[in-house]
Amino acid sequence: MLNIILFGPPGAGKGTQSEKLIAHYNLVHLSTGDIFRANIKGETELGQLAKSYMEKGQLVPDEVTIRMLESEVNKHSSAKGFIFDGFPRTQAQAEALDNLLKSKNTSISKMLALEVEEGELKKRLLLRGKDSGRADDQAPSVIQKRIDVYNNETAPVKDFYGKQNKYCGVNGIGEIDVIFNALCKTIDSI
Ligand code: ADP
């Protein structure tokens, strides 16, 4: 199996690149943010809970997020592999993912991290807020909170995969296709 974590701060381009990668490598895309948003739209219990955290720019609690991710992975028993987008965002999530994959006799192949500096992220998120109307991309204070949460809680997950020699940083600034080619080159060298 090819199991890729597409990592990076909010606004780094994970969603855009995931769409291209799943088509190219025939993988299943699991975006925890997208799944939460679908639950909010469908007015499920999970959606209601997630919304209260997302609108403040906070992480949804690990226990809830991990349970949801596990059930999504289990839905795709014949997948060739996965792109994990927006997960893991904490050390506990990374440990849970490792254990889940181990129980299926597989593992993470690589963590690819899109590197984009903070000023550019804020510009992109505000623009997305205007274009898509996404609730958490509207207020500069919520955007700042998400970037702070990323720096404090999520960025350390890099070390978890670094220690396993699975971390690879990729420049996330420039043309979409140039970034895509750089990601493919890394994946093809696995
Ligand atoms: P972005 O990367 O632009 O912040 P996402 O769509 O990945 O957007 O996530 C939006 C929000 O969903 C996050 O700010 C957080 O509240 C929640 N979320 C998504 N993934 C996770 C996760 N793995 N753990 C906890 N909360 C999450």
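First listed ligand is number 1; within each ligand, the first listed atom is number 1. Keep in mind that what you see is a predicted model, and the values were worked out from it rather than measured.
Shown in contact with T65 at under 4.0 Å from a heavy atom are these atoms of ligand 1, numbered in order with element: 22 (C), 23 (N), 24 (N), 25 (C). With ligand atoms numbered from 1 in the order given, ligand 1 contributes 15 (C), 16 (O) to contacts under 4.0 Å with heavy atoms of Q58. Every atom of ligand 1 is numbered from 1 in the order shown, and the set under 4.0 Å from a heavy atom of D136 is 10 (C). Residue K14 approaches ligand 1 through these ligand atoms, each under 4.0 Å from one of its heavy atoms: 2 (O).
Between the side chain of Q17 and the backbone N or O of I176, at least one donor-acceptor pair lies under 3.5 Å.
In L59, the parts holding a heavy atom less than 4.0 Å from any atom of ligand 1 are both the side chain and the backbone. Residue contacts with ligand 1 for R37 involve side-chain atoms from C-beta outward but no N, CA, C or O (heavy atoms, distance under 4.0 Å). With a 4.0 Å heavy-atom cut-off, ligand 1 is reached by the side chain of R134 but not by its N, CA, C or O.
Looking at every heavy atom in both residues, K56 comes nearest to K145 through O-CG, 3.3 Å. Summarising the geometry of C168 relative to K110, their closest heavy-atom pair is CB-CE, 3.9 Å, with the distance given to 0.1 Å. A pairwise comparison of heavy atoms in T186 and A182 identifies OG1-O, 3.0 Å as the closest pair.
Scanning all protein heavy atoms for the shortest distance to atom 26 (N) of ligand 1 gives V60 N, 3.0 Å. Looking only at heavy atoms of the protein, atom 27 (C) of ligand 1 is closest to F36 CE1, 3.8 Å. Considering only non-hydrogen protein atoms, atom 20 (N) of ligand 1 sits nearest to T32 OG1, 2.7 Å. The nearest heavy-atom contact from the protein to atom 22 (C) of ligand 1 is R89 CD, 3.4 Å.
When each of V157, L6, N3, I4 is paired with M111, the side chain to side chain contact (heavy atoms under 4.5 Å, CB included) condition holds for V157 and for no other.
Here's the thing with D85: none of its N/O atoms is less than 3.5 angstrom from an N/O atom of ligand 1. Any N or O atom pair closer than 3.5 Å counts here, and R128 shares at least one such pair with ligand 1. Looking at D34 next to ligand 1, no N or O pair under 3.5 Å apart turns up. Between L125 and ligand 1, no pair of N/O atoms sits closer than 3.5 Å. Polar contact check, G57 against ligand 1: no nitrogen or oxygen pair lies under 3.5 Å apart.
Of all the listed residues (R146, Q93, E153), R146 holds the heavy atom that lies closest to atom 14 (O) of ligand 1. Of the candidates R124, K145, M54, it is M54 that places a heavy atom closest to atom 17 (C) of ligand 1.
Both I83 and L112 belong to a single network of hydrophobic side chains, linked directly or stepwise wherever heavy atoms of I, L, V, M, F, W or Y lie under 4.5 Å apart. Cluster membership for I187 and I108, using ILVMFWY side-chain heavy atoms within less than 4.5 angstrom, is not shared. M54 is connected to I35 through a chain of hydrophobic side-chain contacts under 4.5 Å among Ile, Leu, Val, Met, Phe, Trp and Tyr, so both are in one cluster.
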Please test K14 against D85 for salt bridge (Lys or Arg N to Asp or Glu O under 4.0 Å), starting from the C-alpha separation and ending with a verdict.
CA-CA 6 Å; K14 300 184 294 288; D85 163 3; 5.1 Å; no
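Between H24 and F180, the ring centre distance stays below 6.0 Å.
In summary, the side chains of Q93 and D62 do present a donor paired with an acceptor at a separation below 3.5 Å, with no hydrogens or angles considered.
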